[in-house]
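Start at 1 with the first residue, then count along the sequence.
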Amino acid sequence: MPCGDFTTDKEATKLASDWQYKGFRVKTCGSSQRFIFNAINQICLKGDYYMCGIVGYIGDEQSAPILMEGLQKLEYRGYDSAGVAIYSGSGITVRKFKGRLAVLEEHLNNHRITGTLGVGHTRWATHGEPNDINAHPHSSSGGSIAVVHNGIIENYMKLKEWLNSLGTEFKTETDTEVIAHLVEYYYEGNLIEAVQKAIHRMEGAYAIGVICKDHPDTLVAVRKDSPLVVGIGQGENFIASDIPALLKYTRDVYFLEDGEMAVLTKDHIDILDELGMPVERNVFKVTWDLESAEKGGYEHFMLKEMHEQPKAVRDTLMPRLDDNNRIVLDELSLTPDQLQAFNKIVIIACGTAWHAGLVGKTAIEKFARIPVEVEIASEFRYRDPFVDEKTLLIAVSQSGETADTLAALREAKSKGAHIMTVTNVVGSRISREAQDVFYTWAGPEIAVASTKAYITQVVALYLLGLSMAELKGLMKASDVEAVVQELKELPNKIQQILEHQEKIQELANKQIHQQHAFYIGRGLDDYTAREGSLKLKEISYVHSEAIAAGELKHGTIALLEQGTLVVAMATQEYLYDKMLSNMKEVKARGAYVVAVTKKSLEEEVNQSADIVLSIPDTLDILTPVLSVVPLQLFAYYMAVARGADVDKPKNLAKSVTVE
Ligand code: G6P
């Protein structure tokens with residue numbers, strides 16, 4: 001197990017109570033140890049999914065290299081600029097640059113800054129373009145205070161106007177700069193008081209690190225709705241957005257609760273509540289190692305995560321089956337009566353999770369015969385949706401932090417819907433606001449492009465659909481069991497596809513020149529096509545479009561030229577003839593056709609395609625779990641062949657916490 005070395009129930013129980021203490025809902029899943037493995041793995045990384053990363057150091061060592069190492073461990077969060085502020089004897093020196101950390105590192109190698117107190121930041125631009133000036137840290141007018149911030153100050157315009165009226169000049173377009181000026185405004189010799197007064201004026205989400213030239217022995221940090229961990233060292237202390245940034249130096253951490261402040265000196269840490277009163281906090285010992293958040297020998301996180309898919313499916317599925325293969329979802333509170341009362345289900349999600357929702361719609365409608373609508377979360381709440389207490393709303397979100405999904409969930413909640421979430425991150429905001437939580441046990445997903453989380457979301461929706469069908473008396477136990485048997489085969493079948501990845505790599509190497517790609521499919525294959533197309537465009541930057549194969553002739557077919565790449569999904573037996581015709585149509589117009597089909601259909605499909613990628617046979621309804629794998633691999637190898645930054649595609653973030 002990559003995360004943690006607790007192997008006894010006693011240890012697991014203790015950890016569970018630690019998490020409960022921190023306000024997380026702790027439910028056992030299978031056995032308590034299993035739960036804890038997953039929970040630790042995920043909660044410890046739960047902050048990861050906010051964009052921007054902050055680190056801070058106070059001690060006797062040179063802070064610059066420690067800050068840089070910490071920032072490197074936070075790189076996966078997505079960023080477009082980076083900087084550090086270091087107390088260097090006479091004052092605070094700030095260095096910040098647009099681009100990758102390497103730019104900042106090179107500068108620091110050539111222009112050393114000495115100093116043992118500092119803060120660092122990786123920025124994912126929200127307010128103001130990514131450039132050197134808008135990069136963090138931000139300084140007060142006199143440069144005596146420097147601030148790093150992760151989150152959004154929602155009332156920054158008001159604060160800016162007010163500070164402007166007092167004569168403060170702003171150098172950047174960021175919301176964060178107001179924090180530096182606010183602290184300066186309130187500073188009368190006591191940094192802690194100044195930060196306390198400043199945060200009382202701030203609305204929104206923030207984790208901040210503040211240093212001041214008059215207090216070279218103090219680092220102040222506060223968090224509200226953005227993650228922050230305090231690392232406890234020997235003669236040195238740290239702050240970071242996430243544990244991996246600290247693990248080289250310490251395994252002892254404090255988690256701050258919303259509104260709390262940490263005041264760090266090199267030998268001491270005080271935690272204060274919103275009223276400035278001291279808070280007692282237990283030290284949390286991190287028991288997992290960096291491996292679970294590192295690549296473990298794989299070239300990229302995405303490749304590692306694709307290879308973890310068999311395990312992720314197993315981990316999501318098996319704890320929900322009893323010895324007789326019956327589905328047991330005892331983590332859900334829904335009663336059969338409640339379920340009977342719903343007249344529809346609405347699934348809301350963004351990006352890849354939305355594609356999982358589309359597959360889920362087909363499965364739930366087929367199994368449980370309840371109408372399901374699937375909505376893009378960012379659209380949902382702006383159209384005054386038909387949602388009431390007879391609606392079951394399922395928010396699907398890997399991170400559980402996506403702002404649009406959260407906003408849509410709240411909209412549905414305000415209209416009386418029962419809120420369930422399918423999420424991968426224990427204790428995430430969406431999980432805390434939902435009435436029922438179905439955790440996917442995919443483990444931490446670091447690559448921006450989601451793979452293993454997607455597959456487990458699909459599996460989770462199958463389980464929900466099947467269990468609803470049984471509760472409603474629509475499927476006999478034996479019929480459910482037959483599907484469950486097939487579900488249990490999926491991990492091995494995914495493994496078989498992964499074992500043939502070289503063929504897909506070769507294909508990608510030959511298609512490297514493509515500027516455009518089209519993905520076509522019908523029924524469930526249409527949804528998988530959309531997911532495959534999204535994967536390709538987000539990581540390889542090849543323009544890609546997915547269209548229902550039947551729609552092709554209504555416009556898109558006009559774009560086909562000799563050699564145009566068309567990925568045709570043909571896994572659904574009842575749509576297979578129609579799909580073959582579509583493949584012939586595109587081939588007749590010069591397309592290079594890559595077909596994805598089931599082993600049993602391979603020979604026939606081969607006649608209408610240039611190359612066939614086959615997947616093991618399974619029930620049609622379950623094929624999306626398999627057929628997406630060759631598409632993930634193809635996107636991955638295209639991105640590698642084109643020299644793209646696979647795990648951190650440009651302009652994208654793992655979780656989008658702005659609407
Ligand atoms: C971002 C990520 C996608 C993800 C989407 C929804 O765009 O890059 O991979 O599918 O957010 O994220 P969620 O965490 O809500 O599933």
Side-chain angles (χ1 to χ4, degrees), residues 52 54-56 58 85 87 91-92 94 117-119 121 126-127 136-230 237 239 241 254-265 268-281:
C52 297
I54 69 179
V55 292
I58 185 161
Y87 174 76
I92 294 174
V94 177
L117 165 68
V119 286
H121 191 268
T126 55
H127 296 66
H136 297 215
H138 291 292
S139 310
S140 57
S141 304
S144 61
I145 288 158
V147 175
V148 285
H149 165 223
N150 169 20
I152 289 185
I153 306 303
E154 283 162 7
N155 61 338
Y156 88 102
M157 276 311 290
K158 260 197 198 156
L159 293 170
K160 192 168 177 174
E161 279 162 22
W162 174 69
L163 287 160
N164 268 329
S165 73
L166 301 175
T168 307
E169 277 182 31
F170 280 76
K171 297 185 272 296
T172 78
E173 300 159 89
T174 66
D175 53 336
T176 304
E177 193 183 348
V178 298
I179 307 176
H181 294 304
L182 265 184
V183 176
E184 181 180 56
Y185 174 82
Y186 286 115
Y187 182 69
E188 289 173 341
N190 185 327
L191 180 61
I192 299 165
E193 260 177 41
V195 175
Q196 274 165 343
K197 286 180 180 161
I199 59 173
H200 281 127
R201 302 283 310 269
M202 287 155 42
E203 289 164 19
Y206 47 84
I208 57 173
V210 185
I211 59 173
C212 172
K213 120 175 164 348
D214 300 343
H215 301 270
D217 56 352
T218 308
L219 168 58
V220 177
V222 188
R223 69 151 285 197
K224 180 177 160 278
D225 287 336
S226 286
L228 193 75
V229 194
V230 178
N237 289 311
I239 58 166
S241 297
Y254 290 131
F255 289 97
L256 295 188
E257 298 298 335
D258 272 353
E260 286 179 352
M261 169 185 280
V263 181
L264 291 77
T265 64
H268 191 72
I269 298 167
D270 279 323
I271 300 180
L272 308 176
D273 67 13
E274 270 168 303
L275 302 172
M277 299 306 287
V279 175
E280 279 296 313
R281 179 63 33 86

Visitor: Would you indicate whether the side-chain heavy atoms of Ile271 and Val230 approach each other to under 4.5 Å?
Guide: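 Of all side-chain heavy-atom pairs linking Ile271 with Val230, none is under 4.5 Å.
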Visitor: Under 4.0 Å between a Lys/Arg side-chain N and an Asp/Glu carboxylate O for Glu203 and Lys158?
Guide: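 Not counted as a salt bridge, because no side-chain N and carboxylate O are separated by less than 4.0 Å.
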Visitor: Considering only heavy atoms from C-beta outward, does the side chain of Leu228 approach that of Ile54 to under 4.5 Å?
Guide: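 SC-SC contact between Leu228 and Ile54 confirmed.
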Visitor: Is there a donor-acceptor contact under 3.5 Å from the side chain of Asp270 to the main chain of Val263?
Guide: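 Here the side-chain-to-backbone pair does not exist.
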Visitor: Are the side chain of His200 and the backbone of Gln196 linked by a donor-acceptor contact shorter than 3.5 Å?
Guide: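 Present.
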Visitor: Can you sort out the partners of Glu184 under salt bridge (Lys or Arg N to Asp or Glu O under 4.0 Å), two or more places apart, ordered by chain and number?
Guide: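 Glu184: no salt bridge (Lys or Arg N to Asp or Glu O under 4.0 Å) contacts found.
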Visitor: Answer yes or no: is there a donor N or O on one side and an acceptor on the other, between the side chain of Asp273 and the main chain of Gly259, under 3.5 Å?
Guide: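 Looks like no, no N/O pair under 3.5 Å.
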Visitor: Strictly distance-based, threshold 3.5 Å: is any side-chain N or O of Lys213 a donor or acceptor partner for the main-chain N or O of Tyr87?
Guide: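 Side chain of Lys213 to backbone of Tyr87: no pair is present.
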Visitor: Do any N or O atoms from the side chain of Ser139 and from the backbone of Ala146 form a donor-acceptor pair under 3.5 angstrom?
Guide: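 Flag not set: sc Ser139 to bb Ala146 has no pair under 3.5 Å.
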Visitor: Between the main-chain N or O of Tyr254 and the side-chain N or O of Arg281, is there a donor-acceptor pair closer than 3.5 Å?
Guide: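 No, Arg281 side chain to Tyr254 backbone: no donor-acceptor pair under 3.5 Å.
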Visitor: How about His181 and Phe170: do any of their side-chain heavy atoms sit closer than 4.5 Å?
Guide: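 Answer yes - side chains close enough.
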Visitor: So does Thr174 get a backbone contact from the side chain of Glu177, meaning a donor-acceptor N/O pair under 3.5 Å?
Guide: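 Between the backbone of Thr174 and the side chain of Glu177 there is no qualifying donor-acceptor contact (under 3.5 Å).
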Visitor: How far apart are the closest heavy atoms of Leu264 and Ile269, and which atoms are they?
Guide: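 Between these two residues, the closest heavy atoms are CG-CG1, 4.1 Å.
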Visitor: Between the side chain of Asn150 and the main-chain N/O of His121, is any donor-acceptor distance below 3.5 Å?
Guide: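 Side chain of Asn150 to backbone of His121: no pair is present.
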Visitor: Does a side-chain heavy-atom distance below 4.5 Å link Thr168 with Tyr185?
Guide: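 Contact flag for Thr168/Tyr185 side chains = no.
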Visitor: Specify the closest pair of heavy atoms between Ile192 and Met261, including all atoms of both residues, with the distance to one decimal.
Guide: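 That closest heavy-atom pairing would be CG2-SD, 3.7 Å.
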